[in-house]
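Letters go in sequence order (proteins before strands), and every chain restarts at 1.
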2 protein chains.
Amino acid sequence: MRLTRAGEYGIRCVQHLARHGKGTLVSRKEIAVRTDVPPHFLAKIAQQLARAGIIEIQQGANGGYRLLRDPSEITLLAVIEAIIGEISLNDCVGRPESCHNSPLCTVHRVWNKANQQLRATLQEADFATLAKEDPCCLTPFPETAGHNGPIGKK
Amino acid sequence: MRLTRAGEYGIRCVQHLARHGKGTLVSRKEIAVRTDVPPHFLAKIAQQLARAGIIEIQQGANGGYRLLRDPSEITLLAVIEAIIGEISLNDCVGRPESCHNSPLCTVHRVWNKANQQLRATLQEADFATLAKEDPCCLTPFPETAGHNGPIGKK
DNA sequence: CGATATAAGACTAAAAACATCTTATATATC
DNA sequence: GATATATAAGATGTTTTTAGTCTTATATCG
């Protein structure tokens, strides 16, 4: 009952892009290095984010990823569900024979409530707010302070 | 991000015992058959429930399990966490270097909120209430209607 | 065109979940 | 007390999911 690594990586990726703002192209390599995600794994995650309409992928030399929406319009829920699918805490709790197709089952109802709450909480959190309030992730970037990071590299 | 089978089985087990009431001895076999749980798997789950003080195990011939507490005092949360450990939706979301030990991270805070909500919701649900409200799991038992079920068997 | 970057999905490895099996121990009944 | 029966406890095996890598293809810049 935990978020998968892929889900966490997706959040890191969008978080990083959000700091650059909507529309800014950031190389996969930079994101991978800065967020500590295996590059090839990031590629797969990025494809899912792209399919969900959250980012756009630019191929070719000097390619990379860019946010399609403003960080304020991207929620934690959207990012997570783009990657792991719709959150579902329980398949069906209760005896299959009696409850499998019955949303009337009380245990089932508790899970549904919990599930809705969880999704609501994650939907309330957008990346603009997350970045604004966050005291621990606001390290400045190389390009604002000169150019010596892994971006140019050569 | 789903409840494990073991967790679900634990709920079924307690649910079944709850219908018999606190203190009533029910054989593992009956529970396994009636809740559609593999007997050996149930044994393992029962041991965890016993360690958590929810049920008591009686060994030997005509042994079985019995509830130690009144169903009204047993919550979904207690049963689930007895089996899968304390619910933790995220280990730590955010970059490990910057946020791993920082509960200040906003993303982290969202997860903590979601986690608390989830646990609270599951804690509100006790098995007496669950059974009372439940229209789909209230089939009568053999021993109230005579004796022909798998209990005696011979 | 060639260098470089990502696309897409096949493939592998590791971990977790799920389930069973074996040996030991406890208890009721005879 | 011996025997049959039921669970204890954990070793073992299987399957599924997660995590990560690799390869071939494609797109873009210079």
Scan residues 37-53 of chain A against DNA chain D and write down, sorted by residue number, each residue with any heavy atom closer than 4.0 Å; if none is found, say none.
-> A:Pro38, A:His40, A:Phe41, A:Lys44
Atom pair distance, as rounded to whole Å: NZ in A:Lys29 and C1' in C:dT4 | 11 Å
Nearest-0.5 Å distance, CG of residue B:Leu130 to SG of residue A:Cys105 = 8.0 Å
Whole-Å distance between D:dA19 P and A:Arg12 CZ?
-> 12 Å
Do any pairs count as a ring pair (Phe, Tyr, Trp, His ring centres under 6.0 Å) and have a residue in residues 40-63 of chain A, sequence neighbours left out, and if so which ones?
-> A:Tyr9-A:Phe41
Under 3.5 Å, which donor-acceptor pairs link side chains of residues 44-51 of chain A to any protein atom two or more places apart or in another chain?
unit_1: A:Gln47; atom_1: NE2; unit_2: A:Ala43; atom_2: O; d: 3.4
unit_1: A:Gln48; atom_1: NE2; unit_2: A:Ile83; atom_2: O; d: 3.2

When the distance from CG of A:Leu3 to P of D:dT18 is rounded to whole Å, what number comes out?
-> 11 Å
Distance (rounded to the nearest 0.5 Å) between B:Ser27 OG and B:Arg34 CZ = 11.0 Å
Under-4.0 Å salt bridge between B:Glu8 and B:Arg2 = no
Could you write nucleotides 25-30 of chain D as a row of B, S and -, 5' to 3', where a protein heavy atom under 4.0 Å of any base atom gives B, of only sugar-phosphate atoms gives S, and otherwise -?
-> -BBBS-
Would you mind reading off the distance between A:Glu56 atom CD and C:dT6 atom C1', rounded to a whole angstrom?
-> 13 Å
Between C1' of D:dG20 and OH of A:Tyr9, the distance in whole Å = 9 Å
To the nearest angstrom, the CD-C1' distance between A:Glu30 and C:dA5 comes to 15 Å
Who pairs with B:Tyr65 by ring-ring contact (aromatic ring centres under 6.0 Å, His included), at least two apart in sequence or on another chain?
-> none
Name the atoms and distances for all side-chain donor-acceptor pairs under 3.5 Å in residues 114-121 of chain A, with sequence neighbours left out.
unit_1: A:Asn115; atom_1: OD1; unit_2: A:Leu89; atom_2: N; d: 2.8
unit_1: A:Asn115; atom_1: ND2; unit_2: A:Ile87; atom_2: O; d: 3.0
unit_1: A:Gln117; atom_1: OE1; unit_2: B:Thr121; atom_2: OG1; d: 2.6
unit_1: A:Arg119; atom_1: NE; unit_2: A:Glu81; atom_2: OE2; d: 2.8
unit_1: A:Arg119; atom_1: NH2; unit_2: A:Glu81; atom_2: OE1; d: 2.9
unit_1: A:Arg119; atom_1: NH2; unit_2: A:Glu81; atom_2: OE2; d: 3.4
unit_1: A:Thr121; atom_1: OG1; unit_2: A:Gln117; atom_2: O; d: 3.0
unit_1: A:Thr121; atom_1: OG1; unit_2: B:Gln117; atom_2: OE1; d: 2.6

Is the backbone N or O of A:Thr35 less than 3.5 Å from a side-chain atom of A:Arg12, with the two atoms forming a donor-acceptor pair by type?
-> yes
Is the shortest side-chain N/O distance from B:Arg28 to OP1 or OP2 of D:dT7 below 4.0 Å?
-> yes
Does A:Tyr65 make a side-chain N or O approach to OP1 or OP2 of C:dA7 shorter than 4.0 Å?
-> yes
Atom-pair distance (CZ on A:Arg66; P on C:dT6), nearest Å = 13 Å
Here the distance between atom C1' of D:dT17 and atom CE of A:Met1, to the nearest Å, is 17 Å
What are the two closest non-hydrogen atoms of A:Leu25 and A:Asn62, and how far apart are they?
-> CD2-O, 3.4 Å
If you check every side-chain atom of B:Ile57, which of C:dT6, D:dA19, D:dT7 has the closest atom?
-> D:dT7
